[in-house]
Amino acid sequence: MTRALILGGTADASLLAAEIARAGVDAVYSYGGRTRAPADQPLPTRIGGFGGVSGLADYIRREAITHVIDATHPFAAEMSRNAVAACAEAGTPLIALERAPWTRATGDHWIETRDVNAAAAALPEAPANVFLAIGRQHIAPFASRPQHAYTLRFVDPPEAPLPFAADVIVSRGPFTLEGELVMMRTRGIAWIVARNSGGEGARAKIDAARMLGLPVIMISRPQLPERLRAESVTEVMQWLGHRTCLGA
Ligand code: 3Y8
Ligand code: NAP
């Protein structure tokens, strides 16, 4: 009897949850507890960490989970690594629902960097208006470049003082091309820092940057261990042994 655990927290995970609920598959949706009011899901939902690899393996056994779907984010590297290790330990099948990275298009002016420290180092010396579209958790390295006027975008209002002066937009996305163009023009943004998240929910800023001829410092994805991967909800449903109303 199938009982699936969805490691969620992304738009793709929400689409998968809807399909799993429609198919009547027994499943649990899991959030890490990063935001104050995560979106409701049509499945029983748990919020918060499992307690590392052993905590997740214990959860899988205790909850009689038969399939794990890692539908987290390409930058949720610790969760994804833990899922590979815990499923190996528990002998439970695992698949990752992972969207393809964005690829450079004609007219894009990308400076690709391996991590957020390299991204901060890639900014120019001369003061500029910089849009940091990388969330809240990893902005500290930009404190070393205080000459810039920063715009940040968070899901929730900041709780602690920021490591540098910045203007914070509070918005959870997904974002629209029109909205990104207005924001960048109004603020005179000259540089954008982004992660190569892929998917549709965050790509509007990349399209807006291309239209405005702005440089994007693009942080590449962390390396993840080998695991079975799917790029569509349909593939995941087939892996679970269920046909979907999405066709195919
Ligand atoms: C808690 C669930 C939906 C899901 C929306 C997607 C799209 C919008 C784009 C920018 C980039 C960023 C950030 C982002 C996007 C979607 C999707 C996506 C980027 C929610 C959500 C949770 C989180 C966690 C949050 C992180 C932060 C990252 C903001 C819900 C809304 C920057 C990633 O304050 C914090 O601690 C926030 C932390 C991890 C990265 C960071 O380090 O700050 N996402 N985002 C999930 C959990 O608790 O398990 O609250 O409902 C989900 C979404 N975020 O319903 O359509 O699917 O990718 N999320 C990045 O790309 O760099 C925003 O501003 O342009
Ligand atoms: P992370 O750094 O990879 O994970 C850190 C720890 O948070 C994990 O070891 C785990 O704690 C807990 N955790 C993370 N995701 C979880 C989940 N879905 N369910 C239960 N516990 C979870 O994670 P992150 O990058 O902060 O991402 C956190 C959440 O935000 C994920 O759901 C992810 O899908 C979503 N998200 C992240 C990004 C991003 O840019 N990173 C973007 C959009 C959405 P334990 O070790 O205690 O189990």
Side-chain angles (χ1 to χ4, degrees), residues 5-18 28-42 45-60 63 65 68-86 96-102 115-116 119 131-141 151-160 162 168-177 179-180 183-184 189 192-209 216-222 224-225:
L5 169 64
I6 302 172
L7 300 174
T10 60
D12 296 340
S14 298
L15 291 174
L16 174 64
V28 178
Y29 190 97
S30 180
Y31 279 116
R34 282 272 179 281
T35 53
R36 287 188 188 172
D40 290 335
Q41 297 297 336
T45 299
R46 65 172 298 290
I47 299 182
F50 295 97
V53 172
S54 59
L56 177 53
D58 290 347
Y59 179 89
I60 289 170
E63 290 294 323
I65 299 295
V68 176
I69 301 114
D70 177 358
T72 61
H73 188 272
F75 282 81
E78 189 180 352
M79 184 71 260
S80 294
R81 289 179 186 129
N82 287 3
V84 169
L97 175 55
E98 189 180 277
R99 59 279 197 63
W102 298 315
D115 59 29
V116 68
F131 174 37
L132 294 185
I134 55 170
R136 177 189 60 85
Q137 299 180 92
H138 305 290
I139 57 174
T151 295
L152 306 180
R153 183 153 62 191
F154 290 177
V155 177
D156 296 316
E159 284 146 1
L162 298 173
V168 179
I169 300 171
V170 179
S171 173
R172 76 168 41 227
F175 308 101
T176 64
L177 178 59
E180 302 291 57
M183 183 271 289
M184 292 180 188
I189 299 294
I192 290 113
V193 181
R195 291 146 143 202
N196 199 327
S197 308
E200 293 313 308
R203 77 155 303 134
K205 59 181 177 281
I206 308 303
D207 298 335
V216 176
I217 297 174
M218 182 67 78
I219 302 168
S220 304
R221 296 179 172 190
L224 294 178

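As the structure lists them, so they are numbered: ligands from 1, and atoms in each ligand from 1. Each residue takes its place number in the sequence, starting with 1.
When non-hydrogen atoms are compared, ligand 1 lies under 4.0 Å from the side chain of R99 (C-beta onward) but not from its backbone.
Between the side chain of R195 and the backbone N or O of G198 there is no donor-acceptor pair closer than 3.5 Å. Side-chain atoms of Y29 come within 3.5 Å of backbone N or O of G9 as a donor-acceptor pair.
Within the 4.0 Å heavy-atom cutoff, G33 counts among the residues contacting ligand 1. Within the structure, ligand 1 lacks E200 among the residues with a heavy atom less than 4.0 angstrom away. Using a non-hydrogen distance threshold of 4.0 Å, F154 does not register as a contact of ligand 1. Put simply, part of I134 is less than 4.0 Å from ligand 1, judged by heavy atoms.
R172 O, 4.6 Å is the protein heavy atom nearest to atom 16 (C) of ligand 1. Of the protein's non-hydrogen atoms, the one nearest atom 34 (O) of ligand 1 is R136 NE, 2.9 Å. Scanning all protein heavy atoms for the shortest distance to atom 63 (C) of ligand 1 gives F175 CE1, 4.2 Å. Protein heavy atom nearest atom 44 (N) of ligand 1, with residue, atom name and distance: V155 CG2, 4.8 Å. Scanning all protein heavy atoms for the shortest distance to atom 38 (C) of ligand 1 gives Q137 NE2, 3.7 Å.
Each of the atoms 42 (O) of ligand 1 lies under 4.0 Å from some heavy atom of H138. The A133 neighbourhood of ligand 1 comprises atoms 10 (C), 11 (C), 62 (O), 65 (O), with distances under 4.0 Å to a heavy atom of that residue. Close contacts of ligand 1 with R195, meaning ligand atoms under 4.0 Å from a residue heavy atom, involve 33 (C), 40 (C), 42 (O), 60 (C), 62 (O).
Remark: atom 12 (C) of ligand 1 lies closer than 4.0 Å to no protein heavy atom. For atom 65 (O) of ligand 1, the nearest protein heavy atom is under 4.0 Å away. For atom 28 (C) of ligand 1, the nearest protein heavy atom is 4.0 Å or more away. Atom 47 (C) of ligand 1 is flagged as protein-proximal [any protein heavy atom, distance under 4.0 Å]. Under the 4.0 angstrom criterion, atom 36 (O) of ligand 1 counts as having a protein heavy-atom contact. Contact annotation for atom 18 (C) of ligand 1: protein absent (non-hydrogen atoms, distance under 4.0 Å).
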query = Going through the distances and angles, do S220 and N196 end up as a side chain to side chain contact (heavy atoms under 4.5 Å, CB included)?
reply = CA-CA 6 Å; S220 304; N196 199 327; 5.9 Å; no
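Between T10 and ligand 1, a contact under 3.5 Å exists for no N or O pair. Not a single N or O atom of E180, backbone or side chain, sits closer than 3.5 Å to an N or O atom of ligand 1.
Heavy-atom minimum distance, R153 versus S171: CG-O, 4.0 Å. In this structure, R81 and P222 approach most closely via the heavy-atom pair NH2-CB, 4.1 Å.
Applying the 6.0 Å contact sphere to CD of Q137 captures more than 12 heavy atoms from other residues, nucleotides or ligands.
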Atom pairs, nitrogen or oxygen, ligand 2 to protein, under 3.5 angstrom:
unit_1   : atom_1 : unit_2 : atom_2 : d
ligand 2 : 3 (O)  : A76    : O      : 3.1
ligand 2 : 3 (O)  : A77    : N      : 3.3
ligand 2 : 3 (O)  : E78    : N      : 3.1
ligand 2 : 3 (O)  : M79    : N      : 3.0
ligand 2 : 9 (O)  : N82    : ND2    : 3.4
ligand 2 : 18 (N) : S30    : O      : 3.1
ligand 2 : 19 (N) : S30    : OG     : 2.7
ligand 2 : 19 (N) : Y31    : O      : 3.4
ligand 2 : 21 (N) : G48    : O      : 3.4
ligand 2 : 26 (O) : R34    : NE     : 2.8
ligand 2 : 26 (O) : R34    : NH2    : 3.2
ligand 2 : 26 (O) : Q137   : NE2    : 3.3
ligand 2 : 32 (O) : G8     : O      : 2.8
ligand 2 : 34 (O) : G8     : O      : 2.9
ligand 2 : 34 (O) : H73    : N      : 3.3
ligand 2 : 40 (O) : H73    : ND1    : 3.4
ligand 2 : 40 (O) : R195   : NH1    : 2.3
ligand 2 : 46 (O) : G52    : N      : 3.1
ligand 2 : 46 (O) : N82    : ND2    : 3.4
ligand 2 : 47 (O) : F50    : N      : 3.4
ligand 2 : 47 (O) : G51    : N      : 2.9
ligand 2 : 47 (O) : G52    : N      : 3.4
ligand 2 : 48 (O) : F50    : N      : 2.7
ligand 2 : 48 (O) : G51    : N      : 3.3

